[in-house]
Amino acid sequence: MRHLLVYSSVTGNTRAVAEAIHRIMPPGTGIYPVRQAPEPDDYDFLALGFWTHRTGPDPLMSRYMEKVRDKSVGIFGTLAAYPDSEHAGHVIEAARALLSGNRIVGTFLCQGRLAPKRLERRMQSDGNAKHPMTPERRTRLLEAAKHPDAEDFARAQAAFAAFLQNVIV
């Protein structure tokens with residue numbers, strides 16, 4: 001069985017989670033940033049990771065996901081929102097929709113820090129912004145700045161160890 005791990009990352013959050021997951025994958029599993037990833041056709045299991053763009057996977061990973069057909073897939077991603085939030089649920093729904101026709105063996109999301117300039121803009125947004133800065137939002141963004149951390153990496157590894165037990169070729 002051939003395994004492949006593909007990720008898209010801007011700030012390094014998703015790359016770090018991908019590298020943690022890769023450490024527990026079967027020997028010989030390839031790991032690639034999405035821009036350098038091989039076509040998915042020759043692989044049985046794909047671990048696909050993305051940073052969240054609005055309410056779904058980022059555009060590069062979205063295009064890659066659309067090429068995946070009839071595979072077992074584990075999904076992982078990073079986002080500034082809480083991973084158990086309603087927003088996170090929409091992100092996973094969007095990823096699943098892009099991967100329709102595949103067997104999703106599991107999903108994993110964790111918080112990740114925003115790029116510094118983006119964080120600065122959001123922290124300075126006023127009441128006229130689409131998403132005004134509230135005390136709750138400020139708290140969430142400051143918490144996201146601490147992630148991913150060692151606990152997130154351990155949870156991602158445990159999740160994918162379980163996902164791999166559910167892979168059917």
Side-chain angles (χ1 to χ4, degrees), residues 1-40 43-115 140 143-168:
M1 176 180 290
R2 294 192 63 199
H3 298 76
L4 178 66
L5 191 155
V6 178
Y7 66 91
S8 182
S9 188
V10 172
T11 61
N13 296 334
T14 311
R15 177 180 43 83
V17 175
E19 290 169 350
I21 292 169
H22 187 250
R23 288 193 289 276
I24 62 93
M25 296 289 288
T29 299
I31 179 171
Y32 296 91
V34 69
R35 289 183 190 273
Q36 299 169 3
E39 293 299 314
Y43 296 88
D44 304 301
F45 174 78
L46 291 99
L48 301 176
F50 56 86
W51 55 274
T52 300
H53 178 70
R54 297 186 178 137
T55 58
D58 68 90
L60 284 175
M61 182 52 74
S62 292
R63 285 191 292 280
Y64 190 85
M65 288 175 159
E66 290 171 342
K67 297 191 285 187
V68 178
R69 296 282 178 255
D70 301 318
K71 305 293 179 188
S72 290
V73 180
I75 301 168
F76 65 100
T78 58
L79 70 168
Y82 294 117
D84 60 353
S85 67
E86 183 178 338
H87 178 71
H90 294 303
V91 170
I92 290 298
E93 287 174 22
R96 285 181 175 276
L98 289 165
L99 291 163
S100 65
N102 292 284
R103 182 170 184 268
I104 309 301
V105 298
T107 63
F108 174 84
L109 290 177
C110 70
Q111 278 190 297
R113 69 190 172 283
L114 290 172
R140 179 179 50 77
E143 180 61 29
K146 302 174 190 173
H147 295 272
D149 62 14
E151 186 176 319
D152 295 320
F153 299 144
R155 286 189 0 249
Q157 289 174 328
F160 270 80
F163 301 167
L164 287 167
Q165 293 181 10
N166 295 318
V167 173
I168 299 172

How about [X] and [Y]: do any of their side-chain heavy atoms sit closer than 4.5 Å?
X: L4; Y: Y32; answer: yes
X: H53; Y: M61; answer: no
X: L99; Y: K71; answer: no
X: Y64; Y: P57; answer: no
X: R35; Y: L60; answer: yes
X: T29; Y: F45; answer: no
X: M25; Y: I31; answer: no
X: L109; Y: I92; answer: yes

Which atom of [X] lies closest to which atom of [Y], heavy atoms considered:
X: P148; Y: N13; value: CD-OD1, 3.4 Å
X: T52; Y: T78; value: OG1-O, 2.9 Å
X: H147; Y: D149; value: CE1-OD2, 3.5 Å
X: C110; Y: V17; value: SG-CG2, 3.9 Å
X: E66; Y: L98; value: OE2-CD2, 3.5 Å
X: S85; Y: A81; value: OG-CB, 3.8 Å

Query raised in the report: Under the side-chain contact (heavy atoms from CB on, under 4.5 Å) criterion, do V73 and L48 qualify, and how do the steps go?
Result: CA-CA 7 Å; V73 180; L48 301 176; 3.8 Å; yes
Query raised in the report: Ring centres of F163 and F108 under 6.0 Å apart?
Result: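 No, too far apart.
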**Report entry** Q111 side chain vs L79 backbone, donor-acceptor pair below 3.5 Å
**Finding:**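 Side chain of Q111 to backbone of L79, a donor-acceptor pair under 3.5 Å: no, none is there.
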Query raised in the report: Is there a donor-acceptor pair under 3.5 Å between the side chain of N102 and the backbone N or O of V68?
Result: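 Yes; judged by distance alone, with no hydrogens or angles, the pair exists.
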Working to the nearest 0.5 angstrom, can you tell me the gap between [X] [atom1] and [Y] [atom2]?
X: L114; Y: W51; atom1: CG; atom2: CH2; result: 10.5 Å
X: L5; Y: L46; atom1: CG; atom2: CG; result: 9.0 Å
X: H90; Y: E86; atom1: NE2; atom2: CD; result: 4.0 Å

Query raised in the report: After noting the C-alpha distance and the side-chain angles of R23 and E19, does the key distance pass the salt bridge (Lys or Arg N to Asp or Glu O under 4.0 Å) rule?
Result: CA-CA 6 Å; R23 288 193 289 276; E19 290 169 350; 5.4 Å; no
Report task. For side-chain contact (heavy atoms from CB on, under 4.5 Å), just list the numbers for V6 and V34, CA-CA rounded to whole Å, side-chain angles, deciding distance to a tenth of an Å, and then say yes or no. Result -> CA-CA 6 Å; V6 178; V34 69; 3.9 Å; yes
Query raised in the report: Does CZ belonging to R54 count more than 12 external heavy atoms closer than 6.0 Å?
Result: no
